[in-house]
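In what follows, a structure is listed as structure tokens, so that the remarks can point back to it.
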Amino acid sequence: MKKMLFILNPNAGQRRANKYLADILGIFNRAGYDVHTYVTSGQGEAMEQAKARAGEMDIVVCCGGDGTYNEAMTGLLQSGADIPIGYIPAGSTNDFASSLGLPTNPIEAAKIIAAGRSRKYDVGAFNGRHFAYVASFGAFTRTSYATPQSIKNSLGHMAYLLEGIQELSQIKTHHLRFETDEETVEDDFLFGAICNSTSLGGILKLDPAVVDMRDGKFELLLVRAPRDVTELAACLQAVQTKKYNCKMMTFLNTRTVRITAPEDMPWTIDGEKEAGHKEILVENLQQAIRVAYQGRKSC
């Protein structure tokens, strides 16, 4: 019988997945899995469990938000086990799951995992710390880790918008230098993201036609601070039309990024806080992880 490590974050999102737990486990049992369940009670436990136990398993599955997925994925990579990971999205925003096209219904997501198909995807490394879909800084990035879990649970995605509005009065620009594979960009920026996703914070949507989550490249999006209403309107129009290469923005693809940044400027990694660094190396680990996939083949 195949063995599965099932990691559940019971506090993710609006705790909606908890009431489906018996149904989820039943789906996995009927698919021939001996399920070993671990319910987390704090940060870091999903990573520790995946790292310690993946070598004994045929698959690791996590149920929670993007932060839970990041931990489980990191633990699996650190274990060295060549097995797939399954993701049942149950967080407040689920950017990574949205980019993968995974259903938000826990039962449907479990059925995809039980079908046994998987596909390789890129993983990022931010000074060695793994990320599934984004490393970002500046406006609104603090919101993802500063919003209390109780507010996220009660208001869902609206919590991010409310907290983001409160941040506007505190927004400041940061001077950074980005050395990519082909060019160097240096300026004062309001926001920046090194991403492998079509959804950022549930607000900013990148065109799927320009995002390939398996090509070994990141999308680098940098937004300069608008100085007046005209420049603000240009930013908004660029976001709405998905035409990001304009005067106020820089958008390009790259395998690696070397960054010089303020040492006291915090970052957000897959929705979780990361301390500031003066020198940063971001690398794309092409197709480093196999993820349960609803397509027709495993690759």
Side-chain angles (χ1 to χ4, degrees), residues 1-9 28 31-89 96-97 99-100 102 109-110 112-135 194-197 212-218 255-257 267 269-272 274 277 280-295 297-299:
M1 180 175 282
K2 298 174 292 186
K3 296 174 70 175
M4 172 189 292
L5 175 61
F6 178 73
I7 301 172
L8 170 67
N9 178 355
F28 294 149
Y33 284 102
D34 175 17
V35 183
H36 299 248
T37 302
Y38 186 89
V39 180
T40 65
S41 60
Q43 189 172 8
E45 290 187 6
M47 180 177 65
E48 292 169 2
Q49 287 294 310
K51 181 179 180 179
R53 304 180 64 183
E56 309 165 8
M57 302 292 163
D58 295 288
I59 187 172
V60 171
V61 175
C62 66
C63 180
D66 288 336
T68 305
Y69 174 83
N70 176 284
E71 284 196 21
M73 176 198 72
T74 298
L76 175 55
L77 290 170
Q78 291 179 351
S79 77
D82 184 20
I83 61 173
I85 184 170
Y87 183 22
I88 299 177
F96 184 63
S99 298
L100 290 175
L102 295 177
I112 289 173
I113 296 168
R117 294 181 289 270
S118 63
R119 198 178 192 194
K120 291 183 177 181
Y121 288 92
D122 298 346
V123 173
F126 180 98
N127 276 359
R129 178 179 172 179
H130 293 113
F131 64 92
Y133 72 98
V134 70
I194 307 155
C195 55
N196 190 41
S197 172
D212 184 340
M213 300 170 68
R214 294 158 39 83
D215 65 353
K217 294 184 179 180
F218 297 114
R255 293 182 182 276
T256 61
V257 189
W267 290 74
I269 305 294
D270 286 354
E272 302 296 328
E274 169 71 15
H277 303 270
I280 302 164
L281 173 62
V282 182
E283 301 172 283
N284 187 296
L285 310 179
Q286 186 171 14
Q287 299 187 19
I289 194 78
R290 278 197 291 142
V291 184
Y293 174 68
Q294 60 182 333
K297 61 181 180 179
S298 294
C299 59

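No experiment lies behind these values; they were computed from the predicted model shown.
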Heavy-atom nearest pair, G64 first then N9, reads CA-CB, 4.2 Å

Closest non-hydrogen atom pair between A135 and F126, with its separation: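 Looks like CB-CD1, 3.8 Å.
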
Supply the atom-to-atom distance [X] [atom1] to [Y] [atom2], rounded to the nearest 0.5 angstrom.
X: R290; Y: R117; atom1: CZ; atom2: CZ; answer: 14.5 Å
X: E56; Y: I83; atom1: CD; atom2: CD1; answer: 10.0 Å
X: I7; Y: H36; atom1: CD1; atom2: NE2; answer: 12.5 Å
X: I112; Y: L102; atom1: CD1; atom2: CG; answer: 5.5 Å
X: E45; Y: Q43; atom1: CD; atom2: CD; answer: 10.5 Å
X: H130; Y: L285; atom1: NE2; atom2: CG; answer: 5.5 Å

Is the backbone of [Y] close enough, under 3.5 Å, to the side chain of [X] for a donor and an acceptor to pair up by distance?
X: E71; Y: G44; value: yes
X: D58; Y: M4; value: no
X: D270; Y: Y133; value: yes
X: S79; Y: A81; value: yes
X: R119; Y: V291; value: no

Going by heavy atoms in the side chains, are [X] and [Y] under 4.5 Å from each other?
X: L5; Y: V61; value: no
X: F218; Y: V282; value: yes
X: M57; Y: K2; value: no
X: Q287; Y: Y121; value: no
X: I289; Y: L76; value: yes
X: I194; Y: V134; value: no

Applying the side chain to side chain contact (heavy atoms under 4.5 Å, CB included) criterion to F6, which one of I113, V60, I88, I59 satisfies it? I88

Test item: side-chain donor near acceptor, D66 and Y87, under 3.5 Å: yes

Stepwise, does the side-chain contact (heavy atoms from CB on, under 4.5 Å) test hold for D122 with M213? CA-CA 6 Å; D122 298 346; M213 300 170 68; 5.9 Å; no

Derivation and outcome, salt bridge (Lys or Arg N to Asp or Glu O under 4.0 Å), residues R255 and E283: CA-CA 6 Å; R255 293 182 182 276; E283 301 172 283; over 6 Å; no

Evaluation steps, side-chain contact (heavy atoms from CB on, under 4.5 Å), between W267 and I280: CA-CA 11 Å; W267 290 74; I280 302 164; 3.5 Å; yes

Apply side-chain contact (heavy atoms from CB on, under 4.5 Å) to R53 and E48, showing your working. CA-CA 8 Å; R53 304 180 64 183; E48 292 169 2; over 6 Å; no

Kindly indicate, with the supporting measurements, whether the criterion side-chain contact (heavy atoms from CB on, under 4.5 Å) is fulfilled by N196 and K217. CA-CA 8 Å; N196 190 41; K217 294 184 179 180; over 6 Å; no

Strictly under 6.0 Å, is that where the ring centroids of F131 and Y69 end up? no

